[in-house]
Amino acid sequence: MGMSGLKLLKYVLFFFNLLFWFCGCCILGFGIYFLIHNNFRLLLSLTLGNVLVIVGSIIMVVAFLGCMGSIKENKCLLMSFFILLLIILLAEVTLAILLFVYEQKLNDYVSESLTDSIKQYHLDNSTRATWDSIQSVLQCCGVNGTSDWNGHPPKSCPSDPQVQGCYAKVKLWFHSNFLHIGIITICVCVIQVLGMSFALTLNCQIDKTSQTLGL
């Protein structure tokens, strides 16, 4: 691979990471928006805004290292980018394995946490807003049905007495979209592997070019 190949690889990696940097900015922006409005509270007081801010920040940092490492042909930044992507990929694989192994325990934990949060419905405005949003959007009621509200379901519950619980609705949605979720996950992993390959190839090519030029 000559100088032209090196330049091509450099700019491919640069625009590849620039696109992801903008995606990270968008995710971070949505996270800040949800933090300000604080409408969607997840388990254990973790908010959707917190999750999006963390994910967006990580994407921005990794993409920035990739952009600067490629355009500056900086081996240190390129290897940092490679190592971070590798760590993220290994974390994703580990998380997927743990979710598969402990699926039943996770289901029980989520169900118990949701049941506990119902008890806070009349005590915490954020919990109330979250449950009202979930029940209105998913057209469900309680965790397992209207009985979770002790005969006094909130107005956000559908009027149908046979309405499904929100936990069952979410599981049904997940299973019906499992193929799409799997395809998206595989695509993300493939993109990460490509980014790592580009970074490693560019790093090796910089070494070869330096040796050729006697640097």
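Remember, it's a predicted structure, so these values are computed and weren't measured experimentally.
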How are the rings of F20 and F16 set to each other: parallel, tilted or perpendicular (split at 30° and 60°)?
-> tilted
Whether T201 side chain and F198 backbone form a donor-acceptor pair below 3.5 Å | no
Test side-chain hydrogen bond (donor to acceptor under 3.5 Å, both in side chains) applied to D108 and Q104, step by step = CA-CA 6 Å; D108 295 339; Q104 188 55 50; 3.1 Å; yes
Check for a donor-acceptor pair, side chain of S70 on one end and backbone N or O of C67 on the other, with a separation under 3.5 Å.
-> yes
Under the 3.5 angstrom rule, does the side chain of K75 hit a backbone N or O of N203 as a donor-acceptor pair?
-> no
In this structure, are over 12 heavy atoms from other groups packed under 6.0 Å from Y121 atom OH?
-> yes
The disulfide (SG to SG under 2.5 Å) partners of C157 (sequence neighbours excluded) come to C141
For the side chain of N74 and the backbone of L77, is there at least one donor-acceptor N/O pair under 3.5 Å apart?
-> yes
Considering only heavy atoms from C-beta outward, does the side chain of L13 approach that of L78 to under 4.5 Å?
-> yes
If only atom types and distance count, is the side chain of S111 paired as donor or acceptor with the main-chain N or O of N107 below 3.5 Å?
-> no
Any side-chain heavy atom of L85 sitting closer than 4.5 Å to one from L89?
-> no
Evaluate the criterion side-chain hydrogen bond (donor to acceptor under 3.5 Å, both in side chains) for residue pair Q164 and Q139; output intermediate values, then yes/no.
-> CA-CA 8 Å; Q164 278 187 302; Q139 288 295 291; over 6 Å; no
Residue pair L86 / Q192, side-chain heavy-atom distance below 4.5 Å | no
W131-S156 side chain donor-acceptor pair, cut-off 3.5 Å = no
Check for a donor-acceptor pair, side chain of Q135 on one end and backbone N or O of C166 on the other, with a separation under 3.5 Å.
-> no
Minimum side-chain heavy-atom gap R128-Q120 below 4.5 Å = no
Should we count CH2 of W21 as having more than 12 external heavy atoms under 6.0 Å?
-> no
Any donor-acceptor pair under 3.5 Å linking the side chain of D148 with the backbone of V143?
-> yes
Are F174 and K171 close enough that some pair of their side-chain heavy atoms sits under 4.5 Å apart?
-> no
